[in-house]
2 protein chains.
Amino acid sequence: MADVAEAILRSSAIAAQFGIWEERDFDAGRCPMRNVLDRIGDKWTMLVLMALAGEPRRFGVLLRMVPDISKRMLTQTLRLLERDGLVTRHVFATTPPSVEYRLSPLGLSALEPLHALAQWADANFATIRASRARYDDGLARTDP
Amino acid sequence: MADVAEAILRSSAIAAQFGIWEERDFDAGRCPMRNVLDRIGDKWTMLVLMALAGEPRRFGVLLRMVPDISKRMLTQTLRLLERDGLVTRHVFATTPPSVEYRLSPLGLSALEPLHALAQWADANFATIRASRARYDDGLARTDP
DNA sequence: CTCCTAAGGTCTCAAACTGAGACTATTGGT
DNA sequence: ACCAATAGTCTCAGTTTGAGACCTTAGGAG
């Protein structure tokens with residue numbers, strides 16, 4: 001299929017980009033990969049961004065939407081997203097005050113690559129599960 | 001710009017997908033998001049996949065390429081990628097034996113969304129850094 | 001002989017991070 | 001006087017990670 005050829009082309013594009021990053025030296029403050037991917041590629045950030053995709057959400061709603069996240073980590077994730085300018089925070093003076101989080105234009109722009117990743121995950125989940133099962137079987141067999 | 005309109009469309013697409021995932025219940029074994037994104041979205045996996053983009057690499061080369069990764073985490077990351085079928089491992093009977101890792105077709109197919117993400121990171125790094133600086137200033141000012 | 005080196009790991013221990021859940025503040029309702 | 005609701009914060013225990021010592025195997029140097 002043409003897919004493979006395309007993948008190889010992409011592959012060299014990525015390799016080239018990696019090379020550029022390498023040259024710029026990987027100093028933690030200067031490398032986009034370490035700064036940006038480390039942040040959005042952590043355990044909860046993608047999930048939170050996706051939970052905010054449809055509409056603004058309140059803290060408590062996010063807490064219920066994102067599976068197994070703790071208050072502590074939700075707070076921290078939202079603070080970092082706010083700091084990076086992907087999310088804005090709005091307090092409403094109700095009692096008790098409620099707080100709404102929404103994606104900024106920058107956050108919105110992050111959805112495109114995230115969506116691509118999510119689709120890939122969805123499309124390949126079955127294959128990956130099968131591979132895991134095969135691998136685990138193989139390991140089990142070499143053991144006794 | 002049309003970008004915003006597109007982003008909003010994407011936004012609802014993602015929201016819809018999130019909804020589907022929610023319905024399928026978030027049981028850890030069944031949800032593609034938690035299974036796939038949690039894995040490739042961890043601290044090192046993306047970096048390792050990108051390091052493998054251009055050509056197969058040996059363990060030691062990867063260790064030098066991926067900044068600050070430890071042997072321990074490189075081994076673990078590669079094992080998990082192998083288990084998931086994104087990477088294959090080839091041992092050469094030299095002395096001492098050398099080991100080469102290469103992307104499988106599945107791993108190759110993951111490069112596309114990863115590349116999109118990397119480009120996003122690269123394109124928005126400056127903006128994000130500026131936002132961080134602004135945020136940190138603001139916090140510093142409210143403090144004393 | 002004996003020692004040194006190479007590659008690709010594993011193992012141990014300390015340090016860093018995370019999760020569970022108790023606790024806080026504010027105010028309207030009963 | 002007391003309870004409920006929201007959005008956190010705080011503490012402590014448990015988990016994960018990082019740094020670096022150690023292991024294996026065979027060829028080459030001395």
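No hydrogens, no waters, no symmetry mates; every other heavy atom, side chains included, goes into these values. Within every chain, numbering begins at 1; the chains are lettered A, B, ... in the order of the sequence lines, protein sequences first and strands thereafter.
Counting heavy atoms from C-beta on, the side chains of A/Leu52 and A/Arg102 never come closer than 4.5 Å.
Map A/Pro97 and A/Met73 each onto its nearest nucleotide of DNA chain C; the residue landing nearer the 5' end is A/Met73. Sequence order on DNA chain C of the closest nucleotides to A/Gln76 and A/Thr95 puts A/Gln76 first from the 5' end. Toward the 5′ end of DNA chain D lies the nearest nucleotide of A/Thr75, the other residue of the pair B/Asp42 and A/Thr75 mapping further downstream.
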Legend entry - Evaluation steps, side-chain contact (heavy atoms from CB on, under 4.5 Å), between B/Leu111 and B/Leu103: CA-CA 10 Å; B/Leu111 289 182; B/Leu103 293 178; 3.7 Å; yes

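When the P atom of D/dT16 is taken as reference, atom CG of B/Asp38 falls 12 Å away, rounded to whole Å. When rounded to the nearest whole Å, the span between CD of A/Glu100 and C1' of D/dT6 equals 14 Å. Atom NZ of B/Lys43 and atom C1' of D/dT16 are 11 Å apart (whole Å). Straight-line distance from the CG atom of A/Leu63 to the P atom of C/dG19: 12 Å, rounded to whole Å. If you take NZ of B/Lys71 and P of D/dA21, they are 11 Å apart, rounded to a whole angstrom. Distance, A/Arg72 CZ to D/dC12 C1': 11 Å, rounded to whole Å. Rounded to whole angstrom, the span from the CZ atom of B/Arg39 across to the P atom of D/dT16 amounts to 11 Å. Whole-Å rounding puts the A/His90 NE2 to D/dA7 C1' distance at 16 Å.
Ion pairing of A/Lys43 with B/Asp38 is absent here, as no side-chain N (NZ or NE/NH1/NH2) approaches a carboxylate O to less than 4.0 Å.
Within the 4.0 angstrom heavy-atom criterion, no nucleotide atom of any strand lies near B/Phe92.
Regarding contacts with the backbone of D/dT6, every side-chain N or O of A/Tyr101 stays at 4.0 angstrom or more from both OP1 and OP2. Between B/Trp44 and D/dG18 there is a side-chain polar atom (N or O) within less than 4.0 angstrom of OP1 or OP2.
By the rule that hydrophobic residues join a cluster once side-chain heavy atoms approach within less than 4.5 Å of another member, B/Leu63 and B/Leu80 end up as members of separate clusters.
Taking only side-chain atoms of A/Pro96, from C-beta outward, the nucleotide of D/dG8, D/dA5, C/dG19 with the closest atom is D/dA5. If you check C/dG9, C/dA6, D/dT6 against the side chain of A/Arg58, the one that comes closest is D/dT6. Taking every side-chain heavy atom of A/Ser98 into account, D/dT6 is the closest of D/dT9, D/dT6, C/dG28. Closest to the A/Arg89 side chain, of the nucleotides D/dA26, D/dA7, D/dG18, is D/dA7.
Between the side chains of A/Arg57 and A/Tyr101, not a single donor N or O lies within less than 3.5 Å of an accepting N or O.
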